[in-house]
Amino acid sequence: MASDRPRLAVIGAGPAGLAAAIAAARDGVRVTLVDAAPEAGGQFYRRPADELRARRPQALHHQWRTWLRLRDALLDEVRAGTVRHLTEHHVWLVEALDDGFAVHALLGPAQEEGVSVRADGVLLATGGYERVLPFPGWTLPGVVTAGGAQAMLKGSLVVPGRTAVVAGTGPLLLPVATGLAAAGVEVAALVESAAPGGAVRQARALAVRPGKVVEAAMYGARLLRHRVRTLVRHTVVEAHGTDRVEAVTVAALDGAGRVRPGTGRRIGCDTLAVGHGMLPHTDLAETLGCALDGTAVRVDGEQRTDVPGVWAAGETTGVGGAALSLAEGRIAGRSAAARLRGTEPDPRTMTTAARSRDRSREFAAALDTVYGPPVRWTELVTDDTVVCRCEEVTAGAVREAVGELGAGDVRTVKLLTRAGMGWCQGRVCGPAVAGLAGCAPVPSRRPFARPVPLGVLAATGEPSDAGGRDPDDDGHRDGDGYGYGYGDGDGDGDGDGNSDA
């Protein structure tokens with residue numbers, strides 16, 4: 001009977017979460033797919049709302065057929081009753097219990113009502129978020145993240161302006177620039193800080209995914225067709241404007257990553273889409289005590305974390321693109337299904353996915369050596385540049401905390417300056433603060449992944465929870481309330497930010 005099957009909670013419905021949920025359901029477990037978005041797909045498969053009546057939504061994607069297969073497979077499992085898809089569920093905590101796990105989430109846009117989902121195992125597919133490094137003028141209206149510009153186009157069929165500069169580093173800049181150009185935006189320049197020679201030196205490693213090389217060539221052809229000027233080994237020095245961005249100054253970089261004197265040029269624009277790669281979302285993994293490798297969740301060959309009953313897949317284990325996320329999701333789903341049934345997974349069922357995962361990881365590692373922020377980017381950040389927007393902390397204050405007050409780590413800088421104590425909880429400013437302070441990023445140690453109404457928090461710990469089992473076995477336990485409680489585990493009462501789970 002279906003009710004006798006083990007229960008797996010998959011958090012995140014992007015490529016990794018979808019692949020994992022489908023694989024696990026097909027292998028005999030009951031899956032609850034929990035996601036904050038109103039529809040499955042994540043950022044990669046983001047689509048316009050049906051009400052917008054987009055005539056050709058596939059034009060915004062280069063893997064549309066893969067999405068259609070995932071969508072149809074998910075619908076089949078939902079109809080069969082093996083997968084329950086919970087949309088607009090914002091997970092704030094995964095709690096380990098004596099007999100399983102409780103996934104605590106806030107409902108809907110208001111996020112004022114709480115529910116809890118019980119499961120025997122948890123699979124984290126919470127994705128990643130953009131890294132944006134500060135520069136003078138980066139807080140002007142019209143300066144957006146590269147992923148934000150893409151999300152506006154994919155999800156709402158709108159563009160952030162009429163004339164754009166796309167800047168930073170990483171493969172994401174290519175689809176953003178070509179997508180904006182195809183939508184009618186004049187892309188004045190694509191500014192990439194990496195040097196083209198880096199890709200040549202990694203040619204052998206990049207060749208493990210020839211399809212990706214062809215894809216990059218296609219983007220290059222589109223840039224030429226739309227007459228987008230490409231400036232490699234350049235960076236944005238400053239954004240100019242009063243009420244909004246009106247122009248940017250870009251300059252060439254030398255071999256050491258410093259701006260070459262006399263190379264600055266001013267480019268008029270009303271939009272600057274900027275990004276410096278992605279970072280894994282690890283909030284929920286950290287609260288469960290999962291070990292990290294650098295900034296990513298550590299997993300074994302089956303995508304198991306070091307916490308029993310917890311798997312992880314996709315960008316949360318290391319940023320590497322949709323193909324890697326799909327492969328890891330399939331492996332994690334099959335492993336979770338077997339382990340929760342008390343058996344070992346058949347390695348033959350994972351051969352294809354494991355081969356794809358290994359190639360994709362090799363490709364991603366090669367890209368990491370090619371793309372990266374300019375090594376001297378901190379030299380471009382003036383003392384009066386705001387680094388932490390939430391608390392309006394400047395680069396000068398961070399430097400003073402280190403140079404004059406003796407701060408030797410990110411947490412001490414935070415306590416002395418309040419950098420990272422605002423709504424985003426350091427997700428936006430964290431890499432910049434660490435870079436300016438000359439410190440390595442450290443785990444956040446937050447107990448919750450997002451702000452929680454106090455009423456929900458109080459109801460979560462009520463004795464009536466009875467070990468977390470709901471009387472009607474629907475996987476939910478309700479709570480409501482008002483007021484907001486914040487915490488990051490440091491005892492300093494900070495606010496919390498957002499996860500894409």
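Numbering starts at 1 and runs along the sequence shown.
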Which residue pairs satisfy the side chain to side chain donor-acceptor pair (under 3.5 Å) criterion with at least one member in residues 144-170, sequence neighbours excluded? Glu130-Thr145, Thr169-Glu192

Quick check: do [X] and [Y] have side-chain heavy atoms less than 4.5 Å from each other?
X: Tyr45; Y: Leu70; answer: yes
X: Glu238; Y: Phe135; answer: no
X: Leu18; Y: Leu33; answer: yes
X: Leu124; Y: Val122; answer: yes
X: Val297; Y: Thr282; answer: yes
X: Leu173; Y: Leu190; answer: yes
X: Val103; Y: His89; answer: no
X: Val387; Y: Val433; answer: yes

Return the minimal non-hydrogen interatomic distance between [X] and [Y], and the atom names on each side.
X: Ala395; Y: Leu436; result: CB-CD1, 3.9 Å
X: Thr235; Y: Pro374; result: OG1-CG, 4.0 Å
X: Leu123; Y: Ala20; result: CD1-CB, 3.6 Å
X: Pro431; Y: Gly426; result: CD-O, 4.1 Å
X: Pro38; Y: Glu88; result: CA-CG, 3.9 Å
X: Pro160; Y: Arg244; result: O-NH2, 4.0 Å

When you measure from the side chain of [X] to the backbone N and O of [Y], does any donor-acceptor pair fall under 3.5 Å?
X: Arg131; Y: His276; result: yes
X: Thr305; Y: Val310; result: yes
X: Arg334; Y: Ile331; result: no
X: Arg227; Y: Arg225; result: no
X: Ser356; Y: Thr352; result: no
X: Arg376; Y: Val259; result: no
X: Glu112; Y: Pro453; result: no
X: Thr263; Y: Ala252; result: yes
X: Thr317; Y: Ala312; result: no
X: His104; Y: Val94; result: no

For the side-chain contact (heavy atoms from CB on, under 4.5 Å) test, which of Val228, Thr178, Leu174 pairs with Arg222?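 Of the listed options, the one satisfying the test is Thr178.
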
Sort out for me which residue in Val274, Val250, Ile267, Leu380 forms a side-chain contact (heavy atoms from CB on, under 4.5 Å) with Val236.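 Of all the options given, the one that passes is Val250.
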
Carboxylate-amine/guanidinium proximity below 4.0 Å for Asp358 and Arg355: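 Looking at Arg355 together with Asp358, the answer is no, because their closest N to O distance does not fall below 4.0 Å.
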
Would you call Arg361 and Glu328 a salt bridge, using N to O less than 4.0 angstrom?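 Yes, charged N to carboxylate O under 4.0 Å.
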
Just checking, any donor-acceptor pair under 3.5 angstrom between side chains of Ser193 and His234?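 Per modelled atom types, Ser193 and His234 side chains form no pair under 3.5 Å.
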
Please round to the nearest 0.5 Å and tell me the distance separating atom CZ of Arg47 and atom CZ of Arg71.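 It is 8.0 Å, given to the nearest 0.5 Å.
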
Phe448 and Trp92 aromatic ring geometry - parallel, tilted or perpendicular at 30°/60° bounds: perpendicular

Take atom CG of Asp243 as the centre, draw a 6.0 Å sphere, and report whether it contains more than 12 heavy atoms from other residues, nucleotides or ligands.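 No.
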
Would Arg389 pass as a cation-pi partner of Trp138, given that its NZ or CZ must be under 6.0 Å from the six-membered ring centre and within 45 degrees of the axis?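 Ring-cation test returns yes.
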
